[in-house]
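Okay, structure first, notes after.
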Amino acid sequence: ALAFLARPRAARVPLKGRHVLITGGSSGIGLAMATAAAREGARVSILARNLARLEEARAAIQRESGRGDVGVLAADVRDADAVARALREAGPVDVLVCNHGVFAPEELERQDMEEIKWMVDINLMGTFHLIKAALPAMKARTRETRLPGSIAIMSSQAGQVGIYGYTAYSASKFALRGLGEALQHEVITDNIHVSLIFPPDTETPGLEEEHKRRPELTNIIAGSSGGMKANDVAKKALDGIKSGKFIVPCNFEGAMLAVATAGLSPQSSPVMAFLEVIGSGLMRFAALCFQWNWFSTIESYYAKNKKRE
Ligand SMILES: NC(=O)C1=CN([C@@H]2O[C@H](COP(=O)(O)OP(=O)(O)OC[C@H]3O[C@@H](n4cnc5c(N)ncnc54)[C@H](OP(=O)(O)O)[C@@H]3O)[C@@H](O)[C@H]2O)C=CC1
Ligand SMILES: CCCCCCCCCCCCCCCC(=O)[C@@H](N)CO
């Protein structure tokens with residue numbers, strides 16, 4: 001029965017010979033995805049703000065993949081006109097990877113409104129700008145090539161569960177899930193598959209910066225999920241995209257989180273649908289255990305540091 005119910009129908013999204021555009025492709029997870037996609041024979045374009053870093057990334061991708069045709073696009077995703085211009089320059093996209101993102105962890109009460117807006121503008125509004133700019137030509141492409149297209153969105157495990165120190169970041173990443181679920185309804189008849197990717201802490205230049213200011217409690221709670229290397233996240237992400245998966249977990253804890261937070265999300269795999277139906281009660285129990293542990297940690301941390309508060 002679940003094989004009949006699981007929707008949308010599973011799809012194969014090939015990468016070879018197709019145009020894959022990756023934002024934030026000059027660093028970390030985005031750079032690892034760009035390199036892996038180029039190795040699989042995709043024509044890759046990377047978009048970010050800093051042109052010098054884009055050029056460096058292009059050289060690295062060319063070196064590692066042996067492909068010459070790597071496009072670079074300098075634009076700030078907050079600037080809708082710049083994004084539209086960049087996408088016109090890049091040409092029609094088959095696979096759009098909205099991976100750009102910023103994270104500045106801090107308790108809401110301490111964080112400036114300016115920094116909160118900065119995260120929401122880049123992580124959420126930037127993704128709207130990209131999808132709006134890419135979609136018309138993407139639809140024409142899937143019609144023309146009769147091959148499925150993909151819109152992949154980089155969330156985070158902090159976009160599946162709210163974490164201490166991540167009020168703004170988690171909000172921006174949870175929002176992407178709403179965007180993605182609704183968008184999948186709107187683009188399924190254009191043969192476009194939406195994927196949401198949920199990595200844990202991943203070794204990247206971004207994480208290194210984040211560690212300089214991340215509250216101790218954020219470190220502890222985020223440590224509940226095993227850290228990963230950018231290349232391994234990139235592989236999981238591309239495998240998810242290629243098989244048209246809607247929810248793409250990256251590690252074991254991520255697989256548990258996917259079941260615990262399955263909600264009303266699309267599910268094309270009957271096997272996963274089955275695991276969700278039988279596993280959700282057990283995963284809810286596991287989730288309660290994790291929350292028990294996190295609240296105990298927070299309460300004892302605050303009790304110990306009372307004098308400083
Ligand atoms: N690393 C981690 O622990 C995790 C990361 N993620 C998510 O994965 C994604 C990538 O993270 P990571 O690889 O660590 O990031 P990095 O900080 O290493 O790289 C970020 C990339 O995004 C680009 N970027 C940032 N702001 C903008 C902007 N306004 N316009 C266009 N491009 C921009 C940067 O280039 P430039 O500065 O030149 O614009 C850079 O290429 C993010 O969405 C992040 O939230 C999710 C879970 C864990
Ligand atoms: C049902 C059972 C649940 C099991 C496990 C739960 C583990 C949750 C851990 C959440 C980790 C969040 C890391 C965010 C990383 C990130 O996005 C930043 N580095 C910024 O980029």
Do [X] and [Y] belong together in a cluster built from hydrophobic side chains that touch within less than 4.5 Å?
X	Y	result
Val248	Val194	no
Val72	Val97	no
Ile278	Leu5	yes
Ile122	Tyr166	yes
Val83	Ile153	yes

Is any side-chain heavy atom of [Y] closer than 4.5 Å to one of [X]?
X	Y	value
Met33	Met154	yes
Asn293	Thr297	yes
Leu47	Ile22	no
Tyr164	Glu107	yes
Arg12	Pro148	no

Answer yes or no: is there a donor N or O on one side and an acceptor on the other, between the side chain of [X] and the main chain of [Y], under 3.5 Å?
X	Y	value
Ser268	Lys245	no
Arg9	Ala6	yes
Asp112	Glu115	no
Thr142	Leu147	no
Glu64	Ala59	no
Arg7	Gln267	no
Thr202	Pro200	yes
Asn123	Val102	yes
Glu203	Lys229	no
Asn99	Thr23	yes

So, taking the atom named [atom1] in [X] and the one named [atom2] in [Y], what distance separates them when rounded to the nearest 0.5 Å?
X	Y	atom1	atom2	value
Leu282	Leu275	CG	CG	11.5 Å
Ile197	Ser155	CD1	OG	9.5 Å
Ser150	Ile241	OG	CD1	5.0 Å
Leu135	Asp190	CG	CG	7.0 Å
Met228	Leu207	CE	CG	13.0 Å
Ser225	Leu257	OG	CG	6.5 Å

**Request:** Among Ile, Leu, Val, Met, Phe, Trp and Tyr joined by side-chain contacts under 4.5 Å, find the other residues sharing a cluster with Leu108 and list them by chain and number.
**Result:**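 Cluster partners of Leu108: Met113, Ile116.
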(request) Would you sort out whether Val233 and Asn231 count as a side-chain contact (heavy atoms from CB on, under 4.5 Å), showing the intermediate values? (result) CA-CA 5 Å; Val233 170; Asn231 282 335; over 6 Å; no
| message | For a quick check under 3.5 Å, do Asp94 and Thr145 share a side-chain donor-acceptor pair by atom type? | response |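 No.
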request  = Look at atom CZ of Phe174 and say whether more than 12 heavy atoms of other residues, nucleotides or ligands are closer to it than 6.0 Å.
outcome  =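 Yes, enclosed.
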Are there more than 12 heavy atoms of other residues, nucleotides or ligands under 6.0 Å from atom NE2 of His185?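 No.
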Salt-bridge contact [X]-[Y] (side-chain N to carboxylate O under 4.0 Å):
X	Y	value
Lys16	Glu40	no
Asp69	Arg43	no
Arg110	Glu106	no
Arg85	Glu89	no
Glu210	Arg213	no
Asp201	Arg214	yes
Asp232	Lys236	no
Glu55	Arg58	yes
Glu56	Arg53	no
Arg78	Asp121	no

Problem set entry | side-chain contact (heavy atoms from CB on, under 4.5 Å) assessment of Val93 paired with Leu87 | CA-CA 8 Å; Val93 171; Leu87 271 127; 3.9 Å; yes
Can you name the closest pair of heavy atoms from [X] and [Y] and give their distance?
X	Y	value
Ala75	Ala86	CB-CB, 4.3 Å
Ile131	Cys98	CG1-SG, 4.1 Å
Ala38	Ile61	CB-CG2, 3.8 Å
Ala133	Ala84	CB-CA, 4.0 Å
Ile29	Pro199	CD1-CG, 4.3 Å
Arg49	Ala74	O-CB, 3.9 Å

Check: Partners of Phe290 by ring pair (Phe, Tyr, Trp, His ring centres under 6.0 Å), sequence neighbours excluded?
Finding: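 For Phe290 the ring pair (Phe, Tyr, Trp, His ring centres under 6.0 Å) partners, ignoring immediate neighbours, are Trp294.
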Quiz prompt | Leu73 and Ile46: CA distance, side-chain angles, deciding distance, side-chain contact (heavy atoms from CB on, under 4.5 Å) verdict | solution = CA-CA 6 Å; Leu73 304 157; Ile46 54 177; over 6 Å; no
request  = Identify the residue among Met256, Met283, Gln157, Arg177 that makes a side chain to side chain contact (heavy atoms under 4.5 Å, CB included) with Thr261.
outcome  =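 The side chain to side chain contact (heavy atoms under 4.5 Å, CB included) with Thr261 is passed solely by Arg177 among Met256, Met283, Gln157, Arg177.
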**Q.** Pair listing, ring pair (Phe, Tyr, Trp, His ring centres under 6.0 Å) test, anchored in residues 75-134, at least two apart
**A.**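 As it turns out, the ring pair (Phe, Tyr, Trp, His ring centres under 6.0 Å) pairs with a partner in residues 75-134, which skip direct neighbours, are Phe103-Tyr169.
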Discussion item. side-chain contact (heavy atoms from CB on, under 4.5 Å) for Leu15 and Arg18? Distances and angles first, verdict last.
Written reply: CA-CA 5 Å; Leu15 295 184; Arg18 306 190 83 206; 5.8 Å; no
